[in-house]
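Written below as structure tokens is the structure these notes are about.
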Amino acid sequence: MKNVLFLFGGKSNEHEVSIVSASSVYNNWPMSDYKILPVYIDKNGIWYGVKDEIKEIPKNINEVQNIFNQIVEFEFENGIAYIEINDIK
């Protein structure tokens, strides 16, 4: 089984479009072949993850913000992002 870091959202003007696109891709992904860690990036650039597995990503920004409430911290060293995921399985 392969691990996939699934990033969406972000600081751009296309933030909401990214959520809708992520919802479509994630909700149709072959989950049996991959272990997926979805990470939502808010408009300020703060990263959020989920504590438990989710079956789908909603298309509405308010619903996304209700599900993705666990902060994911990251730091850069020599151009590489090291992600520390707190309390996420």
Side-chain angles (χ1 to χ4, degrees):
M1 185 170 287
K2 295 179 181 179
N3 294 320
V4 175
L5 181 61
F6 193 86
L7 302 173
F8 67 100
K11 293 182 175 183
S12 85
N13 294 335
E14 299 294 320
H15 184 86
E16 286 81 9
V17 173
S18 177
I19 292 171
V20 172
S21 297
S23 175
S24 178
V25 172
Y26 184 88
N27 299 343
N28 291 290
W29 195 270
M31 299 293 187
S32 60
D33 299 333
Y34 299 90
K35 180 178 179 185
I36 300 175
L37 176 62
V39 175
Y40 165 65
I41 304 169
D42 73 10
K43 290 183 177 183
N44 296 313
I46 298 172
W47 293 29
Y48 298 86
V50 290
K51 191 170 185 176
D52 299 311
E53 286 187 34
I54 58 173
K55 293 186 180 193
E56 65 179 17
I57 294 174
K59 294 179 180 172
N60 179 294
I61 189 170
N62 294 325
E63 292 177 26
V64 167
Q65 290 172 340
N66 288 335
I67 292 173
F68 288 79
N69 56 14
Q70 184 69 40
I71 295 176
V72 177
E73 298 177 14
F74 66 101
E75 61 183 72
F76 287 92
E77 182 178 312
N78 297 325
I80 300 172
Y82 293 92
I83 300 172
E84 178 182 329
I85 303 169
N86 299 321
D87 298 324
I88 297 176
K89 297 177 185 177

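Worth saying up front: this structure is predicted, and the values here are computed from it rather than measured. Note: hydrogens, waters and symmetry copies are ignored here, and every other heavy atom, side chains too, is used. Positions are given from 1 along the sequence.
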Contact between [X] and [Y] at the side-chain level, heavy atoms closer than 4.5 Å - yes or no?
X     : Y     : answer
Ile57 : Phe8  : yes
Ile19 : Ser23 : no
Tyr48 : Val64 : no

Taking all non-hydrogen atoms of both residues into account, name the closest pair between Glu63 and Pro58 and its distance.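 Scanning both residues completely, I find the closest heavy atoms to be OE1-CB, 3.2 Å.
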Looking at every non-hydrogen atom in both residues, tell me the closest pair between Gly9 and Ser18 and how far apart they are. N-OG, 2.9 Å
Can you list every salt bridge (charged side-chain N to carboxylate O under 4.0 Å, His left out) pair that touches [range], not counting sequence neighbours?
range          : result
residues 17-26 : none
residues 1-11  : none
residues 13-23 : Glu16-Lys43

Can you name the residues that form a side-chain contact (heavy atoms from CB on, under 4.5 Å) with Gln65, not counting sequence neighbours?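 Once residues adjacent in sequence are excluded, the partners of Gln65 under the side-chain contact (heavy atoms from CB on, under 4.5 Å) criterion are Tyr40, Ile61, Asn62.
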Taking side-chain contact (heavy atoms from CB on, under 4.5 Å) as the test, write out the residues that go with Val4, two or more places apart. Trp29, Tyr34, Ile36
Give a yes or no on this: more than 12 heavy atoms of other residues, nucleotides or ligands lie within 6.0 Å of atom CG of Asn66.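 More than 12 heavy atoms, drawn from other residues, nucleotides or ligands, come within 6.0 Å of this atom.
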For Asn60, enumerate each residue passing the side chain to side chain donor-acceptor pair (under 3.5 Å) test, keeping only those at least two apart in sequence or located in another chain.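 If we apply the side chain to side chain donor-acceptor pair (under 3.5 Å) test to Asn60, skipping adjacent residues, there are no hits.
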For Asp42 and Asn44, indicate whether the former's side chain and the latter's backbone hold a donor-acceptor pair under 3.5 Å. yes
Looking at NZ of Lys59 and OG of Ser21, how far apart are the two atoms once the value is rounded to the nearest 0.5 Å?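 The NZ atom of Lys59 sits 9.5 Å away from the OG atom of Ser21.
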